A.B. asks: 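Structure incoming, see below.
Bear in mind that the values here come from a model prediction, so they are computed numbers and not experimental data. Naming: A, B, ... by sequence-line order, numbering from 1 per chain.
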Amino acid sequence: MRRDPVCGMTVGEGSLLTVDGYPEYGFCSDMCRHRFNADPSRYLGPADAGAPEAAPGAESATRTAVMTVRAPSVQLSLTGMTCASCVTTIERALHEVPGVLEARVNFASEEATVEMASGVEVERLISAITDAGYGARPLAEGSDDDAEQAGRRKLYRSLLHKFWFAAVVSLPVIYFSYPELFPGVPEKGSAALNLIWGAMAVSTLAVMAWSGSQFFTGAWAAFRHRSANMNTLIAVGISAAWLYSTVALLFPGFFPEARLRDVFFDVTAVVTALVVLGSALEIRARARTSEALKKLIGLQAKTARVIRDGLEIEIPVSQVVVDDVVIVRPGDKIPVDGVVVAGVSAVDESMVTGESMPVEKSEGASVIGATINQTGFFRFRATRVGRDTMLAQIVQMVRDAQGSKAPIQRTVDKVSGYFAPAVMITAIATFMVWFSFGPSPATVFAVITAVTVLVIACPCALGLATPTSLMVGIGKGAEHGILIKSGDALETAHRIDTVVLDKTGTVTRGKPALTDVVVIGGFTEDEVLALAASAETGSEHPLGDAIVKGASSRNLDVLDPEDFEATPGHGISARVGTRFVVLGNRKFMADRGVAAGEADPVVERLADEGKTAMVVAVDGSLAGVLAVADTVKEDSVAAIRSLHDLRLEVVMITGDNRRTADAIARQVGIDRVLAEVLPEDKANQVKLLQAEGRVVAMVGDGINDAPALAQADVGMAMGTGTDVAMESGDITLVKGSLTGIVTAIALSKATIRNVHQNLVGALAYNTLGIPIAAGVLYPFFGLLLSPILAGAAMAFSSVTVVSNANRLRGWRGPAPKEARA
Amino acid sequence: MIKVLVDIIGLGAIGAIVWYFWLSRRQGTAATVGAGGVQEAFILVKGGYSPDTVRVASGSPVRLMFNRQEADPCSERVVIDAFGVSADLPEGDTVPVEFTPTQPGEFEFACQMGMLRGKLIVT
């Protein structure tokens with residue numbers, strides 16, 4: 001076995017490729033061998049066995065991730081701590097491990113956070129803790145959720161068991177409750193029926209005590225905290241029905257008339273069964289509302305192949321530390337975030353960015369953990385691990401946002417705080433009215449209507465309406481590469497009527513590219529471009545770089561120039577083969593004695609289009625004009641058209657001069673341009689728009705956009721931009737495309753529509769249901785609601801709300817618009 | 001006669017509900033000041049928050065340690081809207097929640113659905 005010095009893979013002798021002069025090395029592929037041949041010294045540094053150095057500038061390429069890079073740190077879950085002094089013991093033990101910079105132990109959460117120099121192995125930390133007499137294991141991402149799920153499953157199963165018990169008891173109880181309805185039931189008032197009813201009293205008490213136990217414990221816990229909830233209402237309702245029935249059975253003398261001696265054991269048993277079943281179904285449905293988050297967590301790779309001490313080993317992803325060199329093979333999931341140090345491949349990033357096309361990666365490119373490598377082999381240096389990775393931060397952001405409140409919910413919360421006690425008061429009032437004014441037997445009617453009021457009211461439906469839709473909506477956003485920071489942002493987004501777009505990096509790519517090659521004289525376009533690109537090879541100017549890239553995209557041969565000379569701000573000259581090439585502005589040409597008058601109209605036209613034009617002369621005579629410009633992202637036009645279709649006013653804001661700004665605006669179809677705006681004035685411009693009564697979304701990517709992002713009603717940051725912009729934004733468009741704005745607004749509309757449906761449904765249910773239960777229809781139509789029906793309605797109203805929220809899971813996003821010419 | 005008695009009992013019960021759930025006020029538990037001036041309070045989450053009223057002073061950091069002792073999903077998250085806090089409470093774990101109140105006032109902490117509620121009194 002030999003190690004490939006380029007990619008670090010261990011290669012078997014059978015499939016080995018070698019290079020003359022370096023018999024000790026083997027290569028996994030022609031690509032690695034070729035790279036090695038090109039520059040062996042690069043891979044044979046003093047730390048020969050280690051990783052090749054990252055390309056210069058690789059660090060700055062890591063722009064897509066969300067937060068700052070810290071010293072490598074791991075989190076450990078601890079066991080065996082009994083008192084606060086254990087904290088000091090464990091911290092001391094950790095500090096004694098060489099390379100540990102900082103160790104903090106949290107007694108409450110039983111976790112240790114250890115910061116360390118790279119290269120310290122987690123096993124050493126764990127053994128240090130074990131030696132001190134405690135237990136430790138790496139804190140696995142998502143382990144909390146597994147425990148949470150297990151807890152839910154247990155609760156669900158136990159509720160189902162409780163339901164079956166209540167249901168089985170309910171059947172005979174219903175049968176024997178209606179002697180006048182069912183045949184074979186002993187006559188009312190007979191000793192036999194009284195005996196059966198006695199048995200029913202006992203069995204329904206068992207149903208209350210076991211199947212309905214959570215109503216009573218829940219009600220008691222709430223009562224102690226001076227609050228009331230669904231449990232209180234159900235507990236009071238079913239126990240009132242049971243108590244009345246039992247008193248009627250045991251003390252028949254208490255009632256003046258024999259026909260008052262009715263029993264409602266069936267109400268107790270059936271309502272308990274239904275509400276327990278409803279709770280079980282609700283738990284199941286609610287687990288689905290956080291499915292998107294679980295899917296995100298599930299994206300995390302389990303293991304990583306890293307190079308340690310020159311050997312390729314497979315380790316759990318939690319043990320990867322910053323600066324580890326990770327090997328990725330075709331089809332592998334990339335375990336953590338990093339920067340490619342060797343190799344070329346295409347990576348499917350759709351799960352994180354929503355971008356469906358694979359993204360090319362080569363040396364210096366940043367890779368995101370949890371994305372999937374497709375074609376090639378490559379190695380990368382880990383830059384963010386554990387809870388710092390982009391995925392972990394997305395998960396955290398989604399989790400936080402899902403728990404945040406939408407403004408609409410704050411109103412609902414105020415109502416729901418008064419809801420349950422108000423229902424109890426209504427029930428008492430109902431009892432009093434029926435008892436005083438109701439038909440005979442008044443007591444029976446009073447008990448039945450009061451119990452029905454208690455049982456039909458559903459504060460849960462009201463409480464669940466907003467948060468469940470928000471959970472699903474925000475999760476859905478993450479699936480589409482749209483990270484919504486709060487319920488506030490999600491709710492405000494549906495009211496947006498004006499979208500302000502920053503030009504550079506948002507509408508455009510933010511990098512100059514070659515746009516035009518105009519030939520003058522007898523040259524062909526390819527000749528002019530090849531010569532200009534060759535001359536520019538030595539230049540480090542971004543415009544030169546754009547020309548070189550333009551040439552290579554046309555597969556032109558670029559030669560190495562000689563006698564390269566640059567005059568900053570004006571132009572360059574160089575000898576390419578036998579030709580002498582001069583490239584620059586018109587003044588530069590005049591200085592070099594080139595007659596460039598013929599180029600004037602072309603240069604003017606290109607400048608009008610907002611492009612930077614450069615004149616090319618070959619061997620002292622004019623050869624053509626090249627234009628370089630910041631180009632529009634290919635989906636900007638379609639996205640802006642979709643925004644117009646949504647009847648939104650689109651405004652572009654830029655520090656550029658009006659000519660350039662107008663040229664870009666024309667290309668993408670923007671009608672209002674705010675040009676020559678100083679960076680510090682962007683927020684003011686947003687404020688001015690807001691003063692016109694507009695609800696403004698600001699979309700930007702740079703540090704200079706941050707104040708405007710914060711000022712806007714909704715700030716949307718491009719995921720390809722700076723961390724500062726993302727911190728200031730309310731919504732991050734991970735993919736960095738304007739189509740994300742359309743998706744975000746559409747998602748907001750869909751979610752808020754869903755919330756409204758839920759709220760209207762829950763409010764209508766309660767405001768109609770409670771009076772009907774109280775018997776307002778009785779004087780007019782002789783209609784009275786059965787408490788059993790009320791129980792069924794209540795049990796399924798909250799399930800309905802959650803199920804309606806779950807309908808959002810099927811949301812597919814706005815239909816993609818074709819760019820119409 | 002009986003009707004009058006029922007009405008009196010009914011009105012009494014309504015009055016008791018109004019007083020107990022809405023009008024009565026509780027002192028609450030004062031947070032203890034730990035190392036570094038952090039005001040700490042341990043809150044048990046089981047069918048409600050115990051204690052459900054916590055008193056802290058404004059201007060210095062507060063650490064509320066929530067310990068959820070039930071599987072009921074209603075209480076799986078605690079939200080303190082005023083301080084932008086939203087924390088998952090895995091069953092059995094103690095989850096510290098930290099923030100610094102800068103102004104006196106009464107702030108609510110509640111479950112996500114607003115069914116369980118507690119109050120933070122900042123003085």
Side-chain angles (χ1 to χ4, degrees), chain A residues 106-110 144-145 147-148 151-152 154-155 158 214 217-231 282-283 286-287 399-405 409-410 412-413 416-418 420-422 424-425 428-429 431-432 435-436 446 459-460 462-464 466-468 471 486, chain B residues 2-4 6-15 17-18 20-26 40 42 46-53 63 65-68 70-74 76-79 81 84-96 108 110-118:
Chain A
N106 185 329
F107 179 55
S109 60
E110 299 197 317
D144 291 355
D145 292 272
E148 197 64 38
R152 267 174 199 248
K154 218 173 100 191
L155 187 65
S158 113
Q214 68 278 355
T217 52
W220 175 242
F223 184 79
R224 286 196 308 131
H225 297 105
R226 306 205 172 205
S227 74
N229 53 32
M230 179 202 91
N231 290 326
E282 188 192 311
I283 285 175
R286 276 173 67 174
R399 215 192 274 264
D400 288 348
Q402 284 185 331
S404 70
K405 297 216 168 184
Q409 199 191 344
R410 300 201 178 102
V412 178
D413 278 351
S416 61
Y418 293 99
M424 286 193 281
I425 290 171
I428 294 171
F431 184 92
M432 283 156 60
F435 191 82
S436 303
C460 280
L462 216 53
L464 287 166
T466 319
T468 45
M471 294 266 288
S486 67
Chain B
I2 267 231
K3 279 181 185 173
V4 175
V6 164
D7 285 348
I8 290 170
I9 294 172
L11 289 174
I14 289 174
I17 289 172
V18 170
Y20 187 78
F21 290 108
W22 295 334
L23 300 182
S24 69
R25 295 205 154 244
R26 291 216 276 187
E40 287 189 334
F42 188 89
K46 194 176 182 188
Y49 300 104
S50 310
D52 58 0
T53 308
R63 185 184 297 135
M65 287 178 296
F66 289 92
N67 186 296
R68 174 165 161 244
E70 62 183 353
D72 185 350
C74 280
E76 69 190 0
R77 195 192 279 264
V78 63
V79 179
D81 202 27
V85 169
S86 163
D88 276 321
L89 306 178
E91 191 183 348
D93 287 7
T94 301
V95 178
E108 186 173 73
C111 72
Q112 213 185 346
M113 320 289 159
M115 293 288 135
L116 315 179
R117 290 164 191 247

A.B. asks: Could you tell me which portion of A:M471 (side chain, backbone, both or neither) has an atom closer than 4.5 angstrom to a non-hydrogen atom of chain B?
C.D. replies: side chain
A.B. asks: Does atom CD1 of B:I2 have more than 12 heavy-atom neighbours from other groups under 6.0 Å away?
C.D. replies: no
A.B. asks: Is it the backbone or the side chain of B:T53 that comes under 4.5 Å from a heavy atom of chain A, or both, or neither?
C.D. replies: neither
A.B. asks: Please look at B:I14 and chain A and tell me whether the side chain, the backbone, both or neither of the residue comes under 4.5 angstrom of a heavy atom of that chain.
C.D. replies: both
A.B. asks: Is chain B contacted by the side chain of A:Q214, its backbone, both, or neither, given a heavy-atom distance below 4.5 Å?
C.D. replies: neither
A.B. asks: Using heavy-atom distances under 4.5 Å, tell me whether B:F42 contacts chain A through its side chain, its backbone, both, or neither.
C.D. replies: neither
A.B. asks: Using non-hydrogen atoms and a 4.5 Å limit, figure out which bit of A:L155 sits close to chain B: side chain, backbone, both or neither.
C.D. replies: side chain
A.B. asks: Grab the two heavy atoms, one from B:G10 and one from A:I428, that are nearest each other, plus how far apart they are.
C.D. replies: O-CG2, 3.5 Å
A.B. asks: Is chain B contacted by the side chain of A:F431, its backbone, both, or neither, given a heavy-atom distance below 4.5 Å?
C.D. replies: side chain
A.B. asks: Identify which of A:P421, A:P467, A:A429 forms the greatest number of heavy-atom pairs closer than 4.5 Å to chain B.
C.D. replies: A:P421
A.B. asks: Under 4.5 Å heavy-atom distance to chain A, tell me which part of B:D81 shows up: side chain, backbone, both or neither.
C.D. replies: side chain
A.B. asks: So A:S227 and B:R117, do their side chains get closer than 4.5 Å, heavy atoms only?
C.D. replies: no
A.B. asks: Pick one of side chain, backbone, both or neither for B:V6, based on which atoms fall under 4.5 Å of a heavy atom in chain A.
C.D. replies: both
A.B. asks: Any idea which of B:V79, B:V78, B:V18 has the most non-hydrogen atom pairs under 4.5 angstrom with chain A?
C.D. replies: B:V79
A.B. asks: Any idea which of A:A228, A:C460, A:A219 has the most non-hydrogen atom pairs under 4.5 angstrom with chain B?
C.D. replies: A:A228
A.B. asks: Is the closest side-chain heavy-atom distance between B:S50 and A:R224 below 4.5 Å?
C.D. replies: yes
A.B. asks: Would you compute the distance between atom CH2 of B:W22 and atom CD1 of A:I425 and round it to the nearest 0.5 angstrom?
C.D. replies: 4.0 Å
A.B. asks: Any non-hydrogen side-chain atom of A:T217 less than 4.5 Å from a side-chain atom of B:K46?
C.D. replies: no
A.B. asks: Please flag which part of B:I9 lies under 4.5 Å from any non-hydrogen atom of chain A: side chain, backbone, both or neither.
C.D. replies: neither
A.B. asks: Just say parallel, tilted or perpendicular for the rings of A:F223 and B:Y20, cut-offs at 30° and 60°.
C.D. replies: parallel
A.B. asks: Side chain from CB out, backbone as N, CA, C, O: work out which of these in A:A422 comes under 4.5 Å of a heavy atom of chain B, or both, or neither.
C.D. replies: both
A.B. asks: Looking at CG of B:D52 and CZ of A:R226, how far apart are the two atoms once the value is rounded to the nearest 0.5 Å?
C.D. replies: 9.0 Å
